[in-house]
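Order of appearance sets the numbers: ligands from 1, and atoms from 1 within every ligand. Remember, it's a predicted structure, so these values are computed and weren't measured experimentally. Heavy-atom basis, side chains included; hydrogens, waters and symmetry copies ignored. Counting begins at 1 with the first residue of the sequence.
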Amino acid sequence: MASAPPPILTLTGITKSFPGVRALDGVDLDVLPGEVHCLLGQNGAGKSTLIKVISGAHRPDEGEIAWNGESVQLLRPTSAMSLGIATIYQELDLVEHLSVAENVHLGHENARAGFVRRGAARQTTAALLTRLGHPEISPDRIVATLSAAGKQIVSMARALSHDVKLIVMDEPSAVLDPDEVNNLFRIVADLTADGVAVVYISHRLEEIRRIGDRVTVLKDGRAVARNLPAKSTPTREVVALMTGRDTDQVFPDRPAGAPRAAEPVLRVEGLTRAGEFAPVDLDVYPGEIVGLAGLVGSGRSEILETVYGARRPDAGHVTVEGRRLRPGSVTSAVRAGLGLAPEERKAQGLFLLDSVTRNVSISSLPRFARGGWLNRSGERAAARARTTELSLRPDNPDVQIRTLSGGNQQKAVLARWLLRECKVLLLDEPTRGVDVGARAELYALIRRLADDGVAVLLVSSEIPEVLGLADRVLVLREGTVVHTAPARELDEHRVLDLVMEGSPA
Ligand SMILES: Nc1ncnc2c1ncn2[C@@H]1O[C@H](COP(=O)(O)OP(=O)(O)OP(=O)(O)O)[C@@H](O)[C@H]1O
Ligand SMILES: [Mg+2]
């Protein structure tokens, strides 16, 4: 960089505590106009707290905020918004029962508006959606009916409906498939070309390399490295800064040529749902991890949910240890020993006011019941064992789950499924939102379950994850299994080719 422009935003010595936790401890950050400034750090490091300080959602206990060199107080979100700071939150904050256009114009002056202005609001919304590459989203659509990716676009449209100078994005790519990520990056490039600054959070280091300019690494509420070059800092160095240790091996070893049991635990034959997936045949043997690779919309999650009985197949059946399950019956599946850790983990069952322990143990409670009493210490110890294995923070099973960071909440729900003693474990995007360090631990845990004889069926949009963790991989394209091979015979390019081939550009 020749002569760097002065920062648009400067944070100095920002501190923020919650009861029992110092989430931010003297953090400095500066953001330049037109740059993509990435925040990296493990789950619970303080990233979301920091961006909530920037967006006026949290007031810092100590520290200074300067905007274009002038000290400012961001007392509430509208103070930040009026300076030109917009935020796309990790847990999107749209009003679900309102339309797209109404959401985009919430908080605008002309929102009070009658009929005529409503027309104008719809027009500007339509224009913004087109600019964001999604002209097909109608301004009149009710937000609740949109996919997670669609909601994010609406959140983005709302940000751009203001005169935005800085846009903060908290793990925007976590809900996107590769095409949608490309669209997001195109939007980011357009914004920065216009001089807009972007603060970007992601657990995917390859994204930081693609669009990042500078990186600030947070660890336990402190900035342990500032303004590293995003493209040239070695991954190993970044991970070591985040975790405080040197991690080399991410994926656990596969068992060396272990003899395969004669019979599969899980057998899926001719399973079909019109419009979702063509007849699928697959077997998973005890101790085996089978991966399903494919794009969002390729039918991956639908297959898992149908195997689990949460969707009713049009044809075909599922057999566990030779016993045929009742189609479309979760009860039948659970009785036979199936467990599903679903993709939308947060939406599917966090008990926000309950402790971490109860959120983890909830599906295994019968195990801790003795003669009408709940063995609470047994429950707590079992839950704790799982959360410790996943390095859930804070390491206190009694806190309310609502106080955990996004990634740690994910870990808790995952721990719930790992605690249940299943014969067949169906995992949908198990590492979404989970930091790089904890991923390695999660992979090791999944492999240990397999080594204990559990059959694992894994869905992930991250191809390296499927290739690194699974023994066997099924590649899906538009609801059809187009290829099956041992993971070690495939590489990422080959899988990408298979996944994309013939799909419309
Ligand atoms: N409202 C709250 N009450 C109590 N503790 C909180 C609250 N919000 C955050 N924390 C704590 O502050 C710390 C930082 O959380 P934060 O959400 O900023 O992490 P993060 O870096 O965004 O993590 P992730 O990658 O998991 O999203 C965590 O220890 C978390 O438990
Ligand atoms: Mg967060």
Side-chain angles (χ1 to χ4, degrees), residues 11 14-27 29 37-63 77 87-93 152 155 168-175 199-205 207-208 215-225 238-239 241-244 345-346 350 352-357 359-360 387-388 390-415 429-442:
L11 304 184
I14 299 291
T15 296
K16 175 78 189 172
S17 293
F18 298 108
V21 195
R22 181 166 276 218
L24 297 174
D25 189 3
V27 173
L29 176 77
H37 196 116
C38 300
L39 290 181
L40 278 176
Q42 288 185 282
N43 296 131
K47 303 177 299 294
S48 294
T49 307
L50 187 63
I51 66 118
K52 284 177 184 163
V53 167
I54 298 174
S55 68
H58 282 329
R59 264 188 243 183
D61 304 331
E62 284 167 46
T87 307
I88 315 292
Y89 288 103
Q90 192 168 8
E91 59 293 331
L92 293 173
D93 59 339
Q152 189 183 87
S155 196
V168 183
M169 303 183 187
D170 196 352
E171 293 189 46
S173 62
V175 295
V199 171
Y200 187 88
I201 300 178
S202 173
H203 289 291
R204 301 182 186 162
L205 297 179
E207 294 182 353
I208 309 295
V215 175
T216 291
V217 182
L218 292 181
K219 179 166 192 295
D220 300 331
R222 292 169 200 245
V224 290
V238 176
V239 174
L241 283 165
M242 281 170 58
T243 60
R345 280 186 283 277
K346 270 194 217 166
L350 276 184
L352 288 173
L353 299 179
D354 269 323
S355 65
V356 172
T357 293
N359 271 279
V360 172
T387 56
T388 306
L390 294 175
S391 52
L392 184 137
R393 294 282 177 273
D395 186 19
N396 175 356
D398 302 324
V399 298
Q400 283 186 344
I401 201 153
R402 121 192 116 73
T403 68
L404 263 49
S405 75
N408 281 302
Q409 292 184 355
Q410 301 258 31
K411 289 185 201 168
V413 187
L414 215 49
E429 302 283 1
T431 57
R432 174 174 293 172
V434 172
D435 70 57
V436 193
R439 275 176 195 217
E441 283 145 24
L442 177 56

Requested in this report: Find out whether V239 and L205 are in side-chain contact, i.e. whether some heavy atom of one side chain is under 4.5 Å from a heavy atom of the other.
Outcome: yes

Report summary line: In terms of its nearest heavy atom to atom 21 (O) of ligand 1, the top option of R393, K47, R402 is K47

Report summary line: Heavy-atom proximity to atom 30 (C) of ligand 1 ranks first, among N396, N408, T403, D435, for T403

For [atom], find the nearest protein heavy atom and state the residue, atom name and distance (0.1 Å precision).
atom: atom 27 (O) of ligand 1; value: Q90 NE2, 3.2 Å
atom: atom 17 (O) of ligand 1; value: S405 CB, 3.3 Å
atom: atom 18 (O) of ligand 1; value: T49 OG1, 2.6 Å
atom: atom 9 (C) of ligand 1; value: F18 CE1, 3.5 Å
atom: atom 12 (O) of ligand 1; value: A23 CB, 3.4 Å

Requested in this report: May I ask you to check if any N/O/S atom from T49 comes under 2.8 Å of the Mg ion (ligand 2)?
Outcome: no

Checking the N or O distance criterion of under 3.5 Å, is ligand 1 in contact with [X]?
X: G46; value: yes
X: G433; value: no
X: G44; value: yes
X: A45; value: yes

Under a plain distance cut-off of 3.5 Å, with no hydrogens placed, do [Y] and [X] share a side-chain donor-acceptor pair?
X: D170; Y: S48; result: yes
X: E171; Y: S202; result: no
X: T216; Y: H37; result: yes

Taking a cutoff of less than 4.0 Å between a non-hydrogen atom of the residue and any ligand atom, is [X] in contact with ligand 1?
X: V21; result: yes
X: K52; result: no
X: Q42; result: yes

Might you point out which heavy atoms bring [X] and [Y] nearest each other, and give the distance in Å?
X: D435; Y: N43; value: OD2-N, 2.6 Å
X: L40; Y: M242; value: CB-SD, 4.2 Å
X: R439; Y: T431; value: NH2-O, 3.5 Å
X: N408; Y: R393; value: OD1-N, 2.9 Å

Query raised in the report: Does K47 use its side chain to pair, donor to acceptor, with the backbone of G41 at less than 3.5 Å?
Result: yes

Query raised in the report: Does the K411 side chain pair with the main chain of G406, one donor and one acceptor, at a distance under 3.5 Å?
Result: no

Only heavy atoms of [X], strictly under 4.0 Å: list the atoms of ligand 1 that pass.
X: L404; result: 31 (O)
X: E171; result: 25 (O), 27 (O)
X: H203; result: 25 (O)

Requested in this report: Please lay out, stage by stage, how L353 and R402 fare under the test side-chain contact (heavy atoms from CB on, under 4.5 Å).
Outcome: CA-CA 6 Å; L353 299 179; R402 121 192 116 73; 4.1 Å; yes

